[in-house]
Protein chains: 2
Amino acid sequence: MTSILNVPAANQLLVELPEVERNAFMAACETVELSFGEVLLQPTETFTHVYFPIDSFISLIAVVGTDSRLEVAMAGREGMLGMPLVLSVEETQLIALVQGAGSALRMTAESFQRLLPDSPVLHQRLKRYIYVVMTQLATSAACNHFHRIEERLARWLLMTQDRAGTDQLNLTHEFLAMMLGVRRAGITLAAIALQARGLICYQRGTITVLDRPGLIEASCDCYRDDCALYTKMLPMI
Amino acid sequence: MTSILNVPAANQLLVELPEVERNAFMAACETVELSFGEVLLQPTETFTHVYFPIDSFISLIAVVGTDSRLEVAMAGREGMLGMPLVLSVEETQLIALVQGAGSALRMTAESFQRLLPDSPVLHQRLKRYIYVVMTQLATSAACNHFHRIEERLARWLLMTQDRAGTDQLNLTHEFLAMMLGVRRAGITLAAIALQARGLICYQRGTITVLDRPGLIEASCDCYRDDCALYTKMLPMI
DNA sequence: AAGCGTCGGCACGCTAGCGTACATAACTCA
DNA sequence: TGAGTTATGTACGCTAGCGTGCCGACGCTT
């Protein structure tokens, strides 16, 4: 089982583009630093930029009612923030929260929409990426519904590790509770269980993945399925 | 509160297209009858056709593990079956189950992909439709997670009523349980509660909506939000 | 009219997870 | 060093929903 991401610092959607496309596209990009906790977008806001994370990553969070939140997708260097713009829609209904600090390429929404029609290879890739995310949204709706906190936590840690590219994750139980839409105490119990099995180890805001294969075993199949779909639809690029 | 659908028998995505587009498109379509329970597509299968329901409707169902199923989206005359083809992807990971018998326009995947580039208005609409469905997937993931069976049932009945275009729905508790990913007995209790409130009435396989506004009141806001997003993104077309 | 299959009501004990609250432990900073 | 803040452990009773199984009612078939 390989991770989604075993490649050097570059956004996977942008690597190995045809020379012309790449040049035009990169010329319109700037590199920005994203810091943890930054909110790039709120529901009903309009995209001013698209982001292609390099070593940062972003959580997409759905809100229902006044205070229920649930992370529904992640965008790291395997993905992008700004899918609606690929569909010529300029708004979002999700919160985009920087979950892993680091750098990203960024381009104005305007440039993006102007350049996209002249970038057929990238455009094709982005459409496939949207398909992958849609499918993940659908199956993770089912996952969130049927699977237990411990499995979901394991899956979430794996996804995060892939995007952070390190074993050491800076995460509090509080934060994890928000992501999974459960109680903080629920995370504590699940984390204790995973630690007792020797899969992770944590102290005060840091979780270290000790046994990745074991963690995959402990997670629901949704993690494997997610990875498999991504590599099928966007193979190595 | 108006429903998504208050229009005569026609697929909403196809109405009022420019003459040329419409003619080319319709010429490639045939009308088919879909019968209840028909499975049009299974996970990993390839699309042979796209469907534009007229008075039928189709459930999209996610599968996790061996026997957990959850309805994640519906396609009636406000939508289509075959979104991945708009993204140039020919497969699906979802089950497409005919949930309301009736007719639909259908076209081969091949024709669809050939005609789409020459149908800019339709193409634009379909992209917006995909955005709507993606957003609904995201928020209904949260809805399924946070809201109770009774609210979710109310919402589901409203969505179904919109697409069926009638007060009388032919549904067993067993079937509803599958859609919502809960026990049959759980549906029975929720249905009893809704009936006690005078919102619905049912006997042996038939549910009648008695008080639509009341049912909206009883459902979570997700129903209203869904409708609002659709009409915002695809206004009356 | 009888029989059978389907559908719905209900009841049992059980579990995961909730809301809440409080205590302890670990860092931070004055 | 000591005070304050933040993160984690844990405990309490509670609720929604689970899995299961059984019974009765309905309605179709013959």
Side-chain angles (χ1 to χ4, degrees), chain A residues 36-37 64-71 99 141-157 168-197 200-208 218-220, chain B residues 36-37 64-71 141-157 168-197 199-208 218-220:
Chain A
F36 177 80
V64 294
T66 52
D67 52 0
S68 298
R69 281 141 209 276
L70 180 67
E71 192 202 47
Q99 206 245 296
C143 172
N144 291 335
H145 186 68
F146 292 112
H147 298 150
R148 309 207 270 120
I149 295 181
E150 192 174 328
E151 298 171 294
R152 291 176 57 210
L153 176 59
R155 174 180 171 222
W156 196 92
L157 291 173
Q168 294 243 132
L169 309 172
N170 293 315
L171 300 163
T172 64
H173 292 189
E174 188 76 47
F175 182 79
L176 290 166
M178 206 246 280
M179 293 295 107
L180 301 194
V182 299
R183 284 183 318 156
R184 202 260 310 155
I187 296 292
T188 301
L189 291 178
I192 288 170
L194 292 178
Q195 185 162 46
R197 293 164 70 178
I200 63 171
C201 157
Y202 65 95
Q203 334 89 48
R204 251 191 117 67
T206 318
I207 298 190
T208 309
S219 74
C220 43
Chain B
F36 177 81
V64 294
T66 53
D67 51 1
S68 298
R69 281 142 209 274
L70 179 67
E71 193 202 46
C143 172
N144 292 335
H145 186 68
F146 292 111
H147 298 150
R148 308 206 273 120
I149 294 181
E150 192 174 327
E151 297 171 294
R152 291 176 56 210
L153 176 59
R155 175 181 171 218
W156 197 91
L157 291 173
Q168 294 243 132
L169 310 172
N170 293 315
L171 300 162
T172 63
H173 292 189
E174 188 75 46
F175 182 79
L176 289 166
M178 207 245 282
M179 292 295 106
L180 301 194
V182 299
R183 285 183 318 156
R184 201 258 309 155
I187 296 292
T188 301
L189 292 178
I192 288 171
L194 292 178
Q195 184 161 46
R197 293 164 70 178
L199 307 177
I200 63 170
C201 157
Y202 64 96
Q203 333 90 46
R204 249 190 122 66
T206 317
I207 298 190
T208 309
S219 73
C220 43

Subject >> Spacing of CG belonging to N144(A) relative to CZ belonging to R155(A), to within rounding of 0.5 Å >> reply: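 Interatomic distance, N144(A) CG to R155(A) CZ, rounded to 0.5 Å: 7.0 Å.
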
Phosphate OP1/OP2 of [N] contacted by [X] side-chain N/O (<4.0 Å):
{"X": "Y202(B)", "N": "dG9(C)", "value": "yes"}
{"X": "R183(A)", "N": "dC18(C)", "value": "yes"}
{"X": "R148(A)", "N": "dA16(C)", "value": "yes"}

Rounded to whole Å, please give me the gap between [atom1] in [X] and [atom2] in [N].
{"X": "L70(B)", "N": "dC18(D)", "atom1": "CG", "atom2": "P", "value": "12 Å"}
{"X": "E151(B)", "N": "dA16(D)", "atom1": "CD", "atom2": "P", "value": "11 Å"}
{"X": "L189(A)", "N": "dT20(C)", "atom1": "CG", "atom2": "P", "value": "17 Å"}
{"X": "I187(A)", "N": "dG19(C)", "atom1": "CD1", "atom2": "C1'", "value": "16 Å"}
{"X": "R152(B)", "N": "dG17(D)", "atom1": "CZ", "atom2": "C1'", "value": "11 Å"}
{"X": "R184(B)", "N": "dG8(C)", "atom1": "CZ", "atom2": "P", "value": "8 Å"}
{"X": "I192(A)", "N": "dA11(D)", "atom1": "CD1", "atom2": "C1'", "value": "12 Å"}
{"X": "N144(B)", "N": "dA16(D)", "atom1": "CG", "atom2": "C1'", "value": "15 Å"}

**OP:** Please tell me which of Q203(A) and V182(A) maps to the more 5' nucleotide of DNA chain C, matching each residue to the nucleotide holding its nearest heavy atom.
**Re:**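 The residue closer to the strand's 5' end, by nearest nucleotide, is V182(A).
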
Touch class at under 4.0 angstrom, heavy-atom based, for [X] against every strand present:
{"X": "G205(B)", "value": "sugar-phosphate"}
{"X": "I149(A)", "value": "sugar-phosphate"}
{"X": "A191(B)", "value": "nothing"}

Original post:
If we only count heavy atoms from C-beta on, is the I207(B) to L176(B) side-chain gap below 4.5 Å?
Top reply: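 Yes, their side chains come closer than 4.5 Å.
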
**OP:** Could you check if a side-chain atom of W156(B) sits within less than 4.5 angstrom of a side-chain atom of I187(B), using non-hydrogen atoms only?
**Re:**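 No; the side chains remain at least 4.5 Å from each other.
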
**OP:** Indicate, yes or no, whether a donor-acceptor pair under 3.5 Å links the base of dC26(D) to the side chain of R204(B).
**Re:**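 Indeed, a donor on one side and an acceptor on the other fall under 3.5 Å apart.
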
Subject >> Derivation and outcome, side chain to side chain contact (heavy atoms under 4.5 Å, CB included), residues Y202(B) and T172(B) >> reply: CA-CA 10 Å; Y202(B) 64 96; T172(B) 63; over 6 Å; no

Original post:
Under the 3.5 angstrom rule, does the side chain of H145(A) hit a backbone N or O of G181(B) as a donor-acceptor pair?
Top reply: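 Indeed, once roles are kept as given, a pair shorter than 3.5 Å links the two residues.
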
